[in-house]
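Read the structure below first, then the notes.
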Amino acid sequence: MNPIVIDIQNLSKKYRLGGHFQLDQTLPEMVSAKTKALWQRLCGNAPKVQTPSEMSKDFMALDGVDMQIRQGEVVGIIGRNGAGKSTLLKILSQITDPSDGQARIRGRVASLLEVGTGFHPELTGRENIYLNGSILGMTRKEIDANFDNIVEYSGIEKFIDTPVKRYSSGMSVRLAFSIAAHLEPEILIIDEVLAVGDAAFQHRCIGRMQEAAGSGRTVLFVSHNMAAVQTLCTRAILLQDGKVVADGKPDEVIPLYLNDHNKKTAALNDRSDRTGTEEARLLKCEVTGLDGGDIEVGKPWQLRVKYKTNFPNLRHDIGFCIAAADNPRASFLATNMLKEVPQCWPAIGEVIIESEQPCMLWPGTYSLDLAIHREGRVCDYVRDAVSFDVSLGSQTVFQSMGRRPATMLLPAEVKIHPVNEISVFPSLEQAA
Amino acid sequence: MSASVTTWKVLKPRKGWQMIDFGRLWQFRELMGMLALRDIKVRYKQAALGAAWALIQPLTMMVVMSLFFGRFAQMDQKVGSVPYPIFLYAALLPWTFFASSITASANSLVANAGMLRKIYFPRLIMPLSATGTPLVDYAMAFIILLGLMGWYGVVPTAAFLLLPVLVGLTIMAALGMGLILSAVTVKYRDFRYVVPFMLQVWFFVTPVIYPNTMVPERWQWALSLNPMGGTIEAFRASILGTPIPWASLGISASVAVVSLLVGLIYFNQAERHFADVV
């Protein structure tokens, strides 16, 4: 068994809510409270127990986390927004101190969360490589040694002496990423990189992760993309309200994160990680085959969404996006793209979207982002609302493919006609 | 790869007083250099006159102030036989360095909040590296001083050798203030407005445009409590070859050393919360 490289014991992080001033206090009240506290401290009888009102101002971002991570593990850290994932990474990368407990780390830590941090727009690409490289912890020697590779990998050779402010955003992300990719840490920390950049960039991030994992590095990966965690990680840790609630194989932990994974049904009403105008609310969603069973390649399927709205009897629209491990925008549908959508939506209802075409997703795990719109505004949006598997069914032909070549299959027919050989080159014939 | 790494890095709450980790600071010296270099490079980018500004600014200040304070306000009659422009400039030079170092280091943490939130490094290198640009400007502006000395026929004496020490004292005084101000600014942005105002007042209580003999004799000791008071007088004296005011230099130097120590200790205490509040 590989040695332990990260050893976390009873790690906690407390944040005080409401900043340094309590909002319900006036200035004189605050001054008198502070003076009283100071007086008590001077007299040596400081109150050890906090009053309930004081405790309610504290927020435990991490609450007694224990974990041991061994060298070479690729660990997915999952959980809802606010579960403490980013706080954990911040402590591990020494940006902030824990309030209690300790973490021990063996080896150099680098983090892809820092892509492009410290880039200065006025400096040239070349100057920024040196600056950003040393910010990320490379020595000048290492940068010198890797300089040509970094430039080549980023594909911006021609613009290396142009100020970065003249770069397109894609170019600067590429440059930043190729610097980060040439770090050689023992422990690589990745926080939601899949949320930024275009598909090609995300593809590279994943490739980079696989490379790092393949060369025996330890990788900590925070993501909401369950499909990516499933594919890339050897282990998953589920955080909830700052505590570890599950730790094990991704196959075992991910279903706990996704409500009721097997039925492909998710209750959405209690989710707090949602955005939108709140004019309407997504309550529940379900992805199944048309017969209510598993989704299989080549078979029709359906999505059922329960909602409620403050604007009954008016037109709404449902939009969703299917994310694959390596492709967060694998497929998309919005009902406003369709011809016949009911104009009158009841206050509480269930929308049933049936795909006309058979499912053309390659077998694997996918997750679905869901939104309800009205008059061009997003009323409610839940990222990663539900995850579902697309199974092989009877289509055993896919098994021979091994690695997935693409996200979508293209439906097509193949025909063959005999061809008179000369008529293939009519222009030649004429010339002759 | 991992076989070479055997030491555990322990991350736990830092409580109470902590030693400043100078070893860690030394490990990050390259980053400190890069950050200073960044500020210097960026300073005059896309400026047609470029680095010439480092000469134009002090030269203009010197001419304008000589004209208004020296000639019109007749200050030149109070400085004895010394030409007023060189009397003024020999103090304006260290003062400008002091003031711009404080401003730069006080702002350094807030200006680099993004890095603070995302990357680990000893926070001390931010205000430290921020003094790089003022130092380069200082060196440039020194050329003007040499020019003035040539113009007025002031011959350097052995006292010139004291200048590096005085530069060191100025850096210490500026850093002491800069460290405290940068740490406070992280929490209370009010200090962004306090710093310029404070420096303006400070300018007038420092004998830059006037000789310290203008201040009533029984209050002159108070001038040297200002860490720049004695230092600037000594700077001027070593340029002009006049007797060096050892007593007030001694007091100012002690104040500068103390302010640096206080600054370091306070910064080191406040450092652990920067990422959470910036």
Side-chain angles (χ1 to χ4, degrees), chain A residues 2-3 5 7-9 11-13 15-16 19-20 71-72 90-109 111 113-124 127-128 130-141 143 163 184 186 215-218, chain B residues 1-15 18 21 24 27-47 111-123 125-126 129 184 186-189 269-278:
Chain A
N2 284 334
V5 289
D7 179 18
I8 297 174
Q9 281 161 10
L11 200 69
S12 300
K13 176 74 181 179
Y15 281 107
R16 187 141 298 168
H20 0 282
Q71 191 204 327
K90 267 192 176 175
I91 292 174
L92 292 182
S93 35
Q94 274 184 279
I95 295 159
T96 186
D97 279 1
S99 342
D100 205 5
Q102 67 164 27
R104 298 191 308 151
I105 298 180
R106 198 148 55 171
R108 189 165 140 181
V109 179
S111 135
L113 135 119
E114 300 141 7
V115 167
T117 305
F119 256 39
H120 200 292
E122 296 285 348
L123 297 178
T124 65
E127 290 166 330
N128 267 310
Y130 279 93
L131 177 62
N132 193 245
S134 47
I135 286 175
L136 295 179
M138 284 193 239
T139 64
R140 210 188 155 79
K141 257 189 213 154
I143 305 173
E184 284 176 357
E186 280 92 19
S215 60
R217 299 215 168 89
T218 313
Chain B
M1 183 174 66
S2 64
S4 61
V5 189
T6 46
T7 48
W8 286 97
K9 188 163 57 193
V10 179
L11 316 174
K12 59 181 178 190
R14 281 176 285 181
K15 291 199 173 109
Q18 298 279 324
D21 194 343
R24 188 48 64 77
Q27 280 173 13
F28 279 80
R29 62 192 185 281
E30 272 189 6
L31 177 58
M32 192 159 83
M34 288 305 295
L35 290 172
L37 199 63
R38 171 194 72 176
D39 293 341
I40 293 163
K41 276 183 179 166
V42 165
R43 188 154 160 85
Y44 299 112
K45 280 252 164 143
Q46 216 171 344
N112 292 290
M115 275 181 67
L116 231 55
R117 269 191 291 256
K118 289 191 175 165
I119 297 176
Y120 167 74
F121 54 89
R123 281 19 183 151
I125 70 169
M126 270 299 171
S129 68
V184 188
V186 167
K187 206 164 178 186
Y188 305 99
R189 298 291 144 90
Q269 285 301 105
E271 179 190 52
R272 61 191 80 158
H273 303 298
F274 285 166
D276 297 333
V277 291
V278 71

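Every chain is numbered from 1 and lettered A, B, ... according to where its sequence line falls, protein lines coming before strand lines.
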Glu122(A): partners by side-chain hydrogen bond (donor to acceptor under 3.5 Å, both in side chains), with sequence neighbours left out:
Lys165(A)
Structural part of Ser12(A) lying under 4.5 Å from a heavy atom of chain B:
neither
Side chain of Glu30(B), backbone of Arg140(A): donor and acceptor closer than 3.5 Å?
yes
Checking side chain to side chain contact (heavy atoms under 4.5 Å, CB included) for the pair Lys12(B)/Arg104(A): CA distance, chi angles, key distance, verdict?
CA-CA 9 Å; Lys12(B) 59 181 178 190; Arg104(A) 298 191 308 151; over 6 Å; no
Lys/Arg N to Asp/Glu carboxylate O, Lys90(A) vs Asp276(B), below 4.0 Å
no
Which residues satisfy the salt bridge (charged side-chain N to carboxylate O under 4.0 Å, His left out) test with Lys41(B), sequence neighbours excluded?
Glu127(A)
As a quick check of understanding, evaluate side chain to side chain contact (heavy atoms under 4.5 Å, CB included) for Thr7(B) and Arg106(A), giving each step before the final call.
CA-CA 6 Å; Thr7(B) 48; Arg106(A) 198 148 55 171; over 6 Å; no
Output the distance between atom CZ (Arg38(B)) and atom CZ (Phe119(A)), rounded to the nearest 0.5 Å.
13.0 Å
Rounded to the nearest 0.5 Å, what's the gap from CH2 on Trp8(B) to CG on Asp7(A)? Could you check?
5.5 Å
Could you look at Leu116(B) and say if it's the side chain, the backbone, both or neither that has a heavy atom under 4.5 Å from chain A?
backbone
Test: Asp97(A) and Arg272(B) ion pair at under 4.0 Å:
no
Taking side chain as C-beta onward, heavy atoms only, is Leu35(B) less than 4.5 Å from Leu131(A)?
yes
Nearest non-hydrogen partners of Ile95(A) and Arg117(B), listed with the distance:
CG2-O, 3.3 Å
Within the structure provided, determine whether Leu11(B) and Gln102(A) are in side-chain contact (heavy-atom separation under 4.5 Å).
no
Contact check, side chains of Pro98(A) and Pro13(B), non-hydrogen atoms, under 4.5 Å:
yes
For chain A, which of Arg123(B), Met115(B), His273(B) has the most heavy-atom pairs under 4.5 Å?
Met115(B)
His120(A) NE2 to Lys45(B) NZ distance, which is reported to the nearest 0.5 Å:
9.5 Å
